[in-house]
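All remarks here apply to the structure that follows.
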There are 2 protein chains.
Amino acid sequence: MSQKTTQKSAVRAENERMILKAAEAVFADHGFRGATTGMIAERAGIPKANLHYYFPTKEALYRRVVEHIFNIWLDAANSFDESDDPVEALTAYISKKMDISREHPMGSKVWANEILHRAPVIQDYLETTLRDWTASRASVIERWIAQGRIAPIDPNALLYMIWATTQHYADFNHQIDTLNGGRPLTGEQFAEAKKTVIQIVLAGIGAAPVSLARDASARASGDTEAAE
Amino acid sequence: MSQKTTQKSAVRAENERMILKAAEAVFADHGFRGATTGMIAERAGIPKANLHYYFPTKEALYRRVVEHIFNIWLDAANSFDESDDPVEALTAYISKKMDISREHPMGSKVWANEILHRAPVIQDYLETTLRDWTASRASVIERWIAQGRIAPIDPNALLYMIWATTQHYADFNHQIDTLNGGRPLTGEQFAEAKKTVIQIVLAGIGAAPVSLARDASARASGDTEAAE
DNA sequence: AATGATCTTGACCGTTTGGTCAAGTGTTCA
DNA sequence: TGAACACTTGACCAAACGGTCAAGATCATT
């Protein structure tokens, strides 16, 4: 009786993990209403009734998936605080968020779906954790502005821009792939995109020098000689 | 017999308009699977059977809604070509896309939902119209780079950044509102956000001066003083 | 070996959904 | 006036869905 309450049996832990993994994929592809418990069970390789043994309702399962995603988001958020230097902090944050979009696109999609539909399940997170985090980082950005380290811009608009752009590579990856000839971005292409995003944001707020085309140097591999 | 084929009866035109308007709102709020024809009919103020008289299937109705949205998107896309000057062209384009997000958030949400779920209905648009438009504008951007008018950046990444950021104000408006104390952005707040987005993008690609807090003047080229 | 707890599963059920249908009501025009 | 046509609508149906259940299989503990 002691072990069971503290440590869910290994079978249970393993099955919950498999189900949650399958659920994330199915919810990402079809949304909450579009996903069926049958689809999730099939993807997890178990009968539907077994899924309902571990997760009584579809909503409980969905909530667990969203909570997991929110934790990943929070994890990335910490990289904002790695340094008090705007260039270092924003580079680390954008870089981490881009990595998550690449490695965890399904989680991002579930989150996007939830917000799109007015956050019926996770509104409380938005009003507590997310609101606090955002307000605190906005004030960091305002301090940078006051110190003259970056140009005066709307801090929230900057944060939204970073969120929107980085998450776009997960949420809209189907569109990006289609525009890339139907193939996913290669590692090099993704690295180039990440570099561009960081460069535009940093230069955009006056936190890094803008290198115009003419002066050579530049380690840039993408040589811009183009049309002749 | 002549008039009927060329001009749908006024009744039909008016009813289709009302249904499409209701459908856009319901699809935006609930997604394709989440929306029911019953909800749409109720919102349009007609019995469900009447809705099916005008639109035989839910999918046909959905497709009409998405087509309408795509046309709005294309309309905005034209503002990219208003000028060959990077500053003017991008300012017009971003401005127009922000306005659409403000005035047409539901359309944007339907589009986002469709891409999120791998574009089951409008994949053909992505592969034709959207692909052509994007390739052509990417080459305009590449020319600007070759002419040294903007910094060398990945053109697609720039376009994605603009799409992501501007559409974020529609697709994620619930999150933005929540972080704004539960209230929608005022006109002034939205104008400020728009200004910030334009400023960051233009400065980010070296197409506009970065004005640091202290020195007011100068579009100075060599302004790489940064941290002190 | 026995006992209780955990886990598995096919069959089942009430509800919701997209869509149909037939019986109507208006409307147009010869 | 009347007949062809467009529109309206309550009632209905088969399929799909989330969830239940009871009977069995497996496992841990003594």
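To find a chain, count down the sequence lines: A is the first, B the second, and so on, and within it residues start at 1. Both backbone and side-chain heavy atoms feed into the values below; hydrogens, waters and symmetry mates do not.
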Would you find more than 12 non-hydrogen atoms of other residues, nucleotides or ligands less than 6.0 Å from B/E59 atom CD? no
Expressed in angstrom and rounded to an integer, what is the separation of B/E14 atom CD from D/dC7 atom C1'? 14 Å
What nucleotide among D/dA6, D/dT8, D/dG19 has an atom nearest to a side-chain atom of B/S9? D/dA6
To the nearest Å, give me how far apart CG (B/N50) and C1' (C/dG26) are. 13 Å
Just checking B/A35: base, sugar-phosphate only, or nothing, at a heavy-atom cut-off of under 4.0 Å? sugar-phosphate
How close or far is atom C1' of D/dA6 from atom CD of B/E16, stated in whole angstroms? 13 Å
Is any side-chain nitrogen or oxygen of A/R12 closer than 4.0 Å to OP1 or OP2 of C/dC7? yes
Nearest to the side chain of B/Y54 - D/dT9, D/dG19, D/dC7? D/dC7
Quickly work out the B/E42 CD to C/dT16 P distance and round it to whole Å. 14 Å
B/Y53 side-chain N/O to D/dC7 phosphate OP1/OP2 under 4.0 Å: yes
Tell me: CD1 of B/I19 to P of D/dC7, nearest whole Å? 11 Å
Rounded distance in Å - CG (A/N15) to P (D/dC27): 13 Å
Which nucleotide wins on minimum distance to the side chain of B/T36, given the candidates C/dT8, D/dT8, C/dT17? C/dT17
Looking at C/dG18, I'd like to know if its phosphate oxygens (OP1 or OP2) sit under 4.0 Å from a side-chain N or O belonging to B/T57. no
Just N and O in the side chain of A/R33: are any of them under 4.0 Å from OP1 or OP2 of C/dT17? yes
Under 4.0 Å between a Lys/Arg side-chain N and an Asp/Glu carboxylate O for B/K195 and A/D154? no
Closest listed nucleotide, where the reference is the side chain of B/K48 and the choices are C/dC21, C/dG10, C/dG18: C/dG18
Should the heavy atoms of other residues, nucleotides or ligands under 6.0 Å from NE2 of A/H68 be counted, would the total exceed 12? no
With under 30° as parallel and over 60° as perpendicular, where do the rings of A/Y169 and B/Y160 fit, or are they tilted in between? perpendicular
B/I40 has an atom CD1; how far is it from atom C1' of C/dG19, in whole Å? 14 Å
Let's test your reading of the model: under 3.5 Å, does the base of C/dG19 pair with the side chain of B/K58 as donor and acceptor? no
Counting C-beta onward and ignoring hydrogens, is there a side-chain heavy-atom pair between B/I200 and B/T196 closer than 4.5 Å? yes
Take atom NE2 of B/H52 and atom P of D/dG10, then tell me their distance rounded to the nearest Å. 16 Å
